[in-house]
Amino acid sequence: MASTNPASEIAQDFSPMVKIYKDGRVERLKGTDVVPPSFDPKTNVESKDSLYSPENGLSVRLYIPRNTNQNQKLPLLVYFHGGGFCIESAFSPVYHNYLNALVSEANIVAVSVDYRLAPENPLPCAYDDSWDALKWVASHVNGEGPEDWLKFHADFQRVFFAGDSAGANLAHHMAIRHGREILNGVKVVGIILAHPYFWGKEPVGTEVTDVLKRGYIEELWRFTCPSTTGCDDPLINPAVGSNLESLGCSRVMVFVAEQDLLRARGWFYYEKLKESGWKGDVEIIETEGEQHVFHLFNPNCENAVAMLKRFASFFNQDKA
């Protein structure tokens, strides 16, 4: 009888994101397309890439409105992409287009962080890379560092972190770490968490109780973070042992979507942050009738346009 080929045998199936074969091959089912930096005439935004981690070959993509005046200082956004820690990049068309639109709408400078993906680089690699990127950004304080856009146009007293899904998880944890290990010369005013990828061992609120659906999320988490203690690991469940009161910013905006599997967890985070003793202001916005990260894949729909405007207004509030 002919032997089976391990190259074609699936060991783990996390469709529609990734499949792992018994020979160790990783097949990413989406999020692999990339586009180069460019000038986007539709939004009047320029972008370029810059290496922040030579040892790991990691870059960020920087964005700036073309009409920025020579000495004009703009709010600085550091953005972390989503994708369950195992797909997507800062250079994918979805994120490139979204950052162009957001930078144009908000009139900000943005740094979109690329980080290593699981399973080849299991968590906490993405957290370590994200912190390295922030230290690289902070190296431009006081007119130093390699990138003129940051040296001359980034207002380091108006810095924001944001991300969607796994990127929102990263944005939260970077703000927690900044609260403990202050980035010198950097004032993180606020963070925006869009449909954050948080979870927990036990259901909260109206969260799904279906064993298969919960099992998929738990298995995906263990797949990307083999060293985890489980779904009550503070990395995936920030309500457990991560000291929410030490969040290193003064404002938080959380977006959730009505039909998102992660909806209840976003509400849970919002409630726990309010109860934690943290001294800042937190706001939550729910979009009716929409799915997880709908705004990225249907950016021209009415709800996505409204969400973009709410996103943009957050960076330009006078309250710090």
Side-chain angles (χ1 to χ4, degrees), residues 40 42-45 47 60-65 68 74-83 88 90 92-113 130 137 154-155 158-172 174-175 187-198 247 249-258 260 262-263 266-267 269-270 273 280-320:
D40 179 41
K42 183 179 178 181
T43 58
N44 202 40
V45 170
S47 57
V60 294
R61 180 158 292 180
L62 294 90
Y63 297 82
I64 193 170
T68 303
L74 300 175
L76 172 61
L77 167 65
V78 182
Y79 192 90
F80 304 95
H81 72 81
E88 290 292 356
S92 78
V94 167
Y95 287 102
H96 182 70
N97 293 337
Y98 187 72
L99 267 294
N100 275 330
L102 182 58
V103 166
S104 177
E105 180 70 30
N107 197 37
I108 56 176
V109 178
V111 176
S112 185
V113 177
S130 296
V137 168
D155 184 346
R158 289 189 293 164
V159 176
F160 300 84
F161 301 161
D164 63 280
S165 196
N169 179 306
L170 287 167
H172 160 79
M174 293 306 101
K187 181 179 180 181
V188 180
V189 177
I191 62 174
I192 300 178
L193 311 183
H195 310 164
Y197 176 32
F198 298 138
L247 196 65
C249 62
S250 59
R251 289 177 15 227
V252 174
M253 179 176 283
V254 182
F255 287 94
V256 294
E258 183 185 21
D260 185 2
L262 302 178
R263 171 193 172 275
W267 275 100
Y269 173 87
Y270 165 76
L273 185 57
D281 296 321
V282 57
E283 178 182 6
I284 190 164
I285 299 161
E286 179 166 338
T287 309
E288 294 181 359
E290 298 289 1
Q291 300 277 356
H292 189 65
V293 299
F294 73 93
H295 61 293
L296 296 176
F297 299 104
N298 192 11
N300 297 318
C301 75
E302 184 178 348
N303 283 334
V305 171
M307 185 171 169
L308 182 75
K309 291 184 180 299
R310 292 297 293 269
F311 234 100
S313 67
F314 187 79
F315 307 124
N316 294 294
Q317 294 178 22
D318 293 330
K319 188 176 179 180

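Both backbone and side-chain heavy atoms feed into the values below; hydrogens, waters and symmetry mates do not.
- Looking at every heavy atom in both residues, L193 comes nearest to A171 through CD2-CB, 3.9 Å.
- N107 CG to I64 CD1: the interatomic distance, rounded to the nearest 0.5 Å, is 9.0 Å.
- Applying the ring-ring contact (aromatic ring centres under 6.0 Å, His included) rule to Y269 yields the partners H172, F198; only residues at least two apart in sequence or on another chain are considered.
- In this structure, OH in Y98 is found 4.5 Å from NE2 in H295, a value given to the nearest 0.5 Å.
- What you find for I108 and P75 is that their closest heavy atoms are CB-O, 3.4 Å.
- The closest side-chain heavy-atom distance from V109 to L62 is not below 4.5 Å.
- If you take CZ on F161 and CG on L76, they are separated by 9.0 Å, rounding to the nearest 0.5 Å.
- With R263 contributing its side chain and E286 its backbone, the two residues share no donor-acceptor pair below 3.5 Å.
- Summarising the geometry, atom CZ belonging to F311 is positioned 12.5 Å from atom CD belonging to E105; distances are rounded to the nearest 0.5 Å.
- Applying the side chain to side chain contact (heavy atoms under 4.5 Å, CB included) test to N100 and every residue at least two apart in sequence or in another chain returns D40, T43, V45, Y63, H96.
- When the side chain to side chain donor-acceptor pair (under 3.5 Å) test is applied to R158, the partners found at least two apart in sequence or on another chain are D155.
- Between L102 and F315 the shortest side-chain heavy-atom distance falls below 4.5 Å.
- Contact annotation: the side chain of V159 never approaches that of V137 to less than 4.5 Å [non-hydrogen atoms, C-beta and beyond].
- Between Y197 and A166, the shortest heavy-atom contact is CB-N, 3.6 Å.
- Annotation for A257 and Q291: closest pair CB-O, 3.6 Å, computed over non-hydrogen atoms.
- The two residues G266 and P196 come nearest to each other via the heavy atoms CA-CG, 4.3 Å.
- Residue pairs meeting the side chain to side chain donor-acceptor pair (under 3.5 Å) criterion with at least one member in residues 160-169, sequence neighbours excluded: Y79-D164, Y95-D164, Y127-N169, S165-H292.
- Formation of a donor-acceptor pair under 3.5 Å by the N97 side chain with backbone atoms of P93 is found in this model.
- For the residue pair A175 and I191, the shortest heavy atom distance occurs at CB-CG2, 3.8 Å.
- With sequence neighbours excluded, the residues that form a side chain to side chain donor-acceptor pair (under 3.5 Å) with S92 are E88.
- One N or O on the side chain of N316 and one on the backbone of A312 form a donor-acceptor pair closer than 3.5 Å.
- Interatomic distance, L99 CG to L77 CG, rounded to the nearest 0.5 Å: 7.0 Å.
- Rounding to the nearest 0.5 angstrom, the gap separating the CZ atom in R310 from the CD atom in E283 is 5.0 Å.
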Cut-off 3.5 Å, no hydrogens considered: what does the side-chain donor-acceptor table look like for residues 299-308, sequence neighbours left out?
residue, atom, partner, partner atom, Å
N303, ND2, E290, OE2, 2.9

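- Inter-residue side-chain proximity for L170 and V113 is flagged as unmet; no heavy-atom pair is nearer than 4.5 Å.
- F160 places none of its side-chain heavy atoms less than 4.5 Å from the side chain of I192.
- Looking at residues two or more places apart in sequence or on another chain, you find no salt bridge (Lys or Arg N to Asp or Glu O under 4.0 Å) involving E258.
- Considering only heavy atoms from C-beta on, S250 comes within 4.5 Å of V189 through its side chain.
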